[in-house]
Amino acid sequence: MNALRFRRTAIAVTAAAVLPFALSACGGSDSKKDSSAATEAAAPQASQSSTGSDASMTDKPFGSACASVPKDGAGSFDGMAKDPVATAASNNPALSTLVAAVKKAGLVDTLNNAQNITVFAPTNDAFAKIPKADLDKVLNDKAMLTKILTYHVVGQKLAPKQLENGSFDTLEKGKVTTTGSGTAYKVNDSANVVCGNVPTANATVYIIDSVLMPK
């Protein structure tokens, strides 16, 4: 009788000792499966994140003249993004002639108060291409100056992709056409975008190397 009880006790002890190891082994297998499944589920998300990062690169300013934009301060890309477009342009040394023309035409408030516009902004070198006598004549003719400057403004924000083969109404009531791809674009087949997709508080700016003339 005592021998029988001893055997039953021994079996029970053995079972109690083996059972946790068996459960642990099963749990380890499931854990590996869960870990593998989690890794597989995370993989597509990592891929999407990478794609999103590549896409965001197209949202940044681009072009050869972007290198001359100050790295910090009010005239930097971050600084310009905080100000309305006429104020932002006034902090960019390469646009001083344009800013002077905007002030002379009395368009500072018009541009600063407009919402969601695109400005094709000629550089100082662009204005320098115009013979001085002709430029002086325009600068002293407010009606003509206003007509030319408002021809550089489109009443919507334009992303680079929209410039690939575009035609847009301007505030002057004319049209500008755009062509190109990637980071190379032309406006009216005459002006090159030298620093594009520059954000300001109320506008997107495309800096160009020639002054556009309304027809």
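On a predicted model such as this, the values are computed, not experimentally measured, just so you know. In this chain, residues are counted from 1 in sequence order.
Considering every non-hydrogen atom in both Lys104 and Leu145, the closest pair reads CB-CD2, 4.0 Å. Taking each heavy atom of Ala105 and Thr146 in turn, the nearest pair found is CB-OG1, 3.7 Å.
The closest side-chain heavy-atom distance from Val102 to Leu111 is below 4.5 Å. Side chains of Asn188 and Tyr151 form a contact here, defined as non-hydrogen atoms less than 4.5 Å apart. When side chains are defined from C-beta on, Tyr206 does not count as touching Cys195, because their heavy atoms never get closer than 4.5 Å.
The salt bridge (charged side-chain N to carboxylate O under 4.0 Å, His left out) check on Asp136 picks up Lys132, with sequence neighbours excluded. Legend: residues meeting salt bridge (charged side-chain N to carboxylate O under 4.0 Å, His left out) with Lys186, ordered by chain and number and at least two apart, are absent. In this structure, the salt bridge (charged side-chain N to carboxylate O under 4.0 Å, His left out) partners of Lys175, at least two apart in sequence or on a different chain, are Asp169.
Checking side-chain atoms of Tyr185 against main-chain N and O of Gly196 turns up no donor-acceptor pair under 3.5 Å. The backbone N or O of Pro84 lies less than 3.5 Å from no partner atom in the side chain of Asn202, so there is not a single donor-acceptor pair.
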Pairs under 3.5 angstrom only: tabulate donor-acceptor contacts from the side chains of residues 64-82 to other protein residues two or more places apart or in another chain.
| unit_1 | atom_1 | unit_2 | atom_2 | d |
| --- | --- | --- | --- | --- |
| Ser68 | OG | Ala65 | O | 2.7 |
| Ser76 | OG | Gly73 | O | 2.6 |
| Ser76 | OG | Gly79 | N | 3.1 |

Please table the atom pairs, donor to acceptor, closer than 3.5 Å between any side-chain atom in residues 208-215 and protein atoms at least two apart or in another chain.
| unit_1 | atom_1 | unit_2 | atom_2 | d |
| --- | --- | --- | --- | --- |
| Asp209 | OD1 | Asn192 | N | 2.8 |
| Asp209 | OD2 | Asn192 | ND2 | 3.1 |
| Ser210 | OG | Lys129 | NZ | 3.0 |

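The local environment of NZ in Lys137 is sparse, with at most 12 non-hydrogen atoms from other residues, nucleotides or ligands closer than 6.0 Å.
Applying the side-chain hydrogen bond (donor to acceptor under 3.5 Å, both in side chains) test to every pair with at least one member in residues 105-118, sequence neighbours left out, gives these pairs: Thr87-Asn112.
Thr97 and Asn124 are linked by a side-chain donor-acceptor pair at a separation below 3.5 angstrom, with hydrogens and angles left out of the test.
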